[in-house]
Amino acid sequence: FRAPRFELSKFCRSLGAILCGLAVWVGLWDLIDYDIIPALFDACHDDRLPSLGCLLVKLVLGILGAGGLFATRSLYGDTQVKSAQFSRFE
């Protein structure tokens, strides 16, 4: 394998995309964890933390998510996809 030569513009673009994706992921996590869940469940309000009730709510939500993942097979599917065969043009 011969790695392609380094290009600063492609490196900066890739790094920017990774950092933007990370910021969106962290922002969504904070929105769900600090705003949506406390609005839906009284056990998770800030004045009651840490609480066993909030832990149980998040545990049940995690189990529901894992059950949905298993039921829909959204991340791994039923069939194996073969990888593409390719070679670098010279």
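Only this structure's heavy atoms are used, side chains among them; waters, hydrogens and symmetry mates stay out.
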Query - Validation row: Val60, Phe41 side chains within 4.5 angstrom (heavy atoms) - result: no
Requested in this report: Identify the two heavy atoms, one from Gly53 and one from Ala43, that lie closest to each other, and give their separation to 0.1 Å.
Outcome: C-CB, 3.8 Å
Query raised in the report: In the hydrophobic cluster built from side-chain contacts under 4.5 Å, what are the other members alongside Ile63?
Result: Leu59
N/O donor to acceptor pairs below 3.5 angstrom from side-chain atoms of residues 11-39, sequence neighbours left out:
{"from": "Ser14", "atom 1": "OG", "to": "Lys10", "atom 2": "O", "distance (Å)": "2.9"}
{"from": "Asp33", "atom 1": "OD1", "to": "Lys58", "atom 2": "NZ", "distance (Å)": "2.5"}

Requested in this report: Not counting sequence neighbours, list each pair that qualifies as a salt bridge (Lys or Arg N to Asp or Glu O under 4.0 Å) and has a residue in residues 19-29.
Outcome: none
